[in-house]
Amino acid sequence: MFSKKMILGMIKIDISIIPGVKKSIKEDDIVISGNKIIIHIHLSDDINVIEVSKQILEQIRYKLTDKTNDKNFSIDLIIKK
């Protein structure tokens with residue numbers, strides 16, 4: 001398994017390329033506690049929030065499943081206005 005810092009970096013890069021993300025994500029916006037990952041994110045108002053949220057979760061899950069040995073994790077996405 002990668003270190004928390006490596007996982008934070010992967011998540012930040014994946015989120016930064018998704019359209020609709022209002023501002024760049026900081027390390028403080030991502031909390032990793034064991035197998036639970038909590039992400040606080042700001043999305044634009046003029047997008048389909050549900051679809052963008054699905055895209056974010058699928059991208060992060062794909063990257064973590066592909067790059068880490070640990071397949072047992074949960075991701076909570078908290079959307080802020």
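Quick note: residue numbers are just sequence positions, from 1. None of these values were measured; they are calculated from a predicted model.
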Determine whether [X] and [Y] fall in the same hydrophobic cluster, where Ile, Leu, Val, Met, Phe, Trp and Tyr are linked whenever their side-chain heavy atoms lie under 4.5 Å apart.
| X | Y | value |
| --- | --- | --- |
| Y62 | L57 | no |
| V49 | I15 | yes |
| I78 | V31 | yes |
| I18 | I79 | yes |

*N/O donor-acceptor pair under 3.5 Å between N35 side chain and N72 backbone*: yes
*With no hydrogens and no angle check, is any side-chain donor or acceptor of D14 less than 3.5 Å from a backbone partner on I11?*
no
_I'd like to know if E58 pairs up with R61 as an ion pair, taking the criterion as any Lys NZ or Arg NE/NH1/NH2 lying under 4.0 Å from an Asp or Glu carboxylate oxygen._
no
About how many Å separate [atom2] of [Y] and [atom1] of [X], when rounded to the nearest 0.5 Å?
| X | Y | atom1 | atom2 | answer |
| --- | --- | --- | --- | --- |
| I38 | I32 | CD1 | CD1 | 10.5 Å |
| S16 | K23 | OG | NZ | 15.0 Å |
| Q59 | L64 | CD | CG | 10.0 Å |
| L77 | I37 | CG | CD1 | 11.5 Å |
| K4 | I30 | NZ | CD1 | 12.5 Å |
| K22 | D45 | NZ | CG | 4.5 Å |

*Crowded around I50 CD1? As in, over 12 foreign heavy atoms under 6.0 Å?*
no
*Where is the tightest heavy-atom contact between S44 and I47, given as atom of each residue plus distance?*
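So the two residues come closest at O-CG1, 3.2 Å.
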*Would you say I60 and I39 make side-chain contact, with heavy atoms under 4.5 Å?*
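I60 vs I39: side chains touch.
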*asked:* Counting C-beta onward and ignoring hydrogens, is there a side-chain heavy-atom pair between S53 and I41 closer than 4.5 Å?
replied: no
